[in-house]
Amino acid sequence: MNEIARRFYAERDVRTLQYGADTTVLERPVALLVGIDATGRAAQVAALALVNMLARVHRRLHLVVPPADLQARALIDAPTLADALFAMATAINPVLDLTTAPMSASIPTNAITIGIGTDLPDELDIYLGWNGGRGEIAAVPCRCPSTGPEEHILGAATAACLAAAMAFRAAHGSTIRPTRLNLLERTADADAGTTSRTSPIDVGRVLVVGAGAVSQALFYWLREIGVVGTWDVVDADLTELHNTNRCLGTTAADAGWPDALPNGEQRHKASITAGLTGAQEHLYWLDTWPDLADAPRYDLVLPLANERGVRAEVAALGQPVLLHATTSSNWTAELHRHIPDRDDCPACRIPTAPTGSFLCGTGPAIPTTLGSPDAALPFLSAAAGLLLASALLELREESRLITGRQNHWRLHLELGHRLWQSAIHPNDGCPHTLPPEARQILHTPTPGRWSTIDPAM
Ligand SMILES: [Zn+2]
């Protein structure tokens, strides 16, 4: 490795190493082979998302991609799928050791091998598949249907998250665990059905607080799934190079490191995130944002930040429902619901100082990550964003997401025995939630689209 690459990785991979990654393992090649029967839009969404995640962690990628016009929306536009994959991977990591070859040529020795499609060599390590909203990884080739592609986008996206997680685990010595997952149903393995949604996400006027990794993953998926309505993103933070290890919309140049050297200008996270779907950026912290007083006009507020007491501040907006997603240092991606009076609030559920308030053990996977709440990996953020996107696809007053008692779902991406865990956090005297009368005064004059979810309305 030359000096430029050494310096780039030292700066970029801080959070990855805090999560327990082994640098020599990150040097192990990962090969992705796309079959000629897997070039439809859903397959392209899977291939692009997977390479996006791999390039943020692994340092040697080998791509085998058949000729196909680009049909996915892609981070970087290009005429063909192969061009889009190469342009994106090198923009994310300018010092990536990136190779390609025809299908028949040999793949690098000792590579973790991943396949999309069925027209592929036998004995690859991981194959992706999907059916409707169900994504899958397996040790044998899986079906990757491309008819009625919109129906399969969610499953293909889910398969990409699973494959990125499994590749990282496999590179560190884990055996391949065949896995099926449906994020809309919040089911796994034998229970996972093919429920899907084809319509674009349509939840009205939305305020997104925070433009970090989970927020950016949400917008990355919104771009591929489709979204309508007015969306605002508020965040004053600038992009650092170590953010590129997990922020799906961010390139090295966005962090001020074009050509792997710190010679450029850092872009605002809100600009990058909002730019993924054409949303409106607001370069403020929530507590200094002059337009915050107008917050009741939003149909939905998504609190995706945690600094500066933002969770308590959002809880006090009196919204009829808050949905958000998080990652943890225990290999989880988590979905949260907060309905006033029924559920606790985001500040009570996730206190700023760690107090171990969860129902189950939360000991970190790696002892050295204690005190490293920012330790993270791209597939955790990607899965959290996709989990939230799925919740937005599901959102209806009568959906199980709203009517059910469960208000917290954990997805365990260490891919052990059990993938899902749900919990019920009741409102137990939360000091942040506005009283019912105050919420009525705020929302009765101009009820938002989801107002009647609030039990006081
Ligand atoms: Zn509270």
Side-chain angles (χ1 to χ4, degrees), residues 203 206-210 212 214-215 218 234-235 284-289 292-330 332-362 373-374 384 387-388 391-392 395 397 401-410 421-444 448 450-457:
V203 290
V206 185
L207 172 62
V208 180
V209 181
V214 174
S215 180
L218 170 66
V234 57
D235 194 322
Y284 294 93
W285 302 111
L286 187 67
D287 55 313
T288 61
W289 187 36
L292 180 61
D294 292 335
R297 70 200 155 100
Y298 288 102
D299 294 306
L300 195 61
V301 176
L302 308 177
L304 301 178
N306 54 19
E307 60 284 297
R308 298 168 71 104
V310 76
R311 289 187 176 122
E313 194 165 359
V314 170
L317 292 176
Q319 285 288 312
V321 60
L322 295 171
L323 297 171
H324 65 109
T326 54
T327 60
S328 77
S329 52
N330 303 306
T332 63
E334 310 190 13
L335 175 67
H336 305 265
R337 182 201 74 195
H338 307 271
I339 297 173
D341 302 340
R342 280 175 61 189
D343 305 329
D344 63 350
C345 86
C348 289
R349 188 168 310 172
I350 312 170
T352 310
T355 59
S357 64
F358 283 123
L359 298 177
C360 75
T362 53
D374 290 334
L387 199 45
L388 183 53
L392 299 181
L395 182 59
E397 210 177 319
L401 174 73
I402 298 302
T403 59
R405 291 182 64 221
Q406 274 86 7
N407 54 23
H408 181 187
W409 297 266
R410 279 207 196 95
Q421 190 181 23
S422 65
I424 301 166
H425 305 277
N427 186 320
D428 193 12
C430 159
H432 313 98
T433 305
L434 286 187
E437 304 74 29
R439 303 201 305 270
Q440 284 162 359
I441 289 166
L442 268 178
H443 294 288
T444 303
W450 309 108
S451 285
T452 48
I453 291 175
D454 183 342
M457 298 296 287

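One-based numbering, in listed order, for ligands and for the atoms of each. Quick note: residue numbers are just sequence positions, from 1.
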### Query
Okay, side chain of His443, backbone of Gly318: is any donor-acceptor separation there less than 3.5 Å?
yes

#### Entry: Interatomic spacing from CD in Glu313 to CZ in Arg308 - rounded to 0.5 Å
9.0 Å

### Any His425 side-chain heavy atom under 4.5 Å of Arg337 side chain
no

### Task
Step by step, work out the salt bridge (charged side-chain N to carboxylate O under 4.0 Å, His left out) result for Asp343 and Arg405.
CA-CA 9 Å; Asp343 305 329; Arg405 291 182 64 221; over 6 Å; no

#### Entry: Whether Asn330 side chain and Thr332 backbone form a donor-acceptor pair below 3.5 Å
no

### Task
At a cut-off of 2.8 Å, list the protein N/O/S atoms near the Zn ion (ligand 1), residue plus atom name.
Cys345 SG, Cys348 SG, Cys430 SG, His432 ND1

### Over 12 foreign heavy atoms within 6.0 Å of CG, Asp428
no

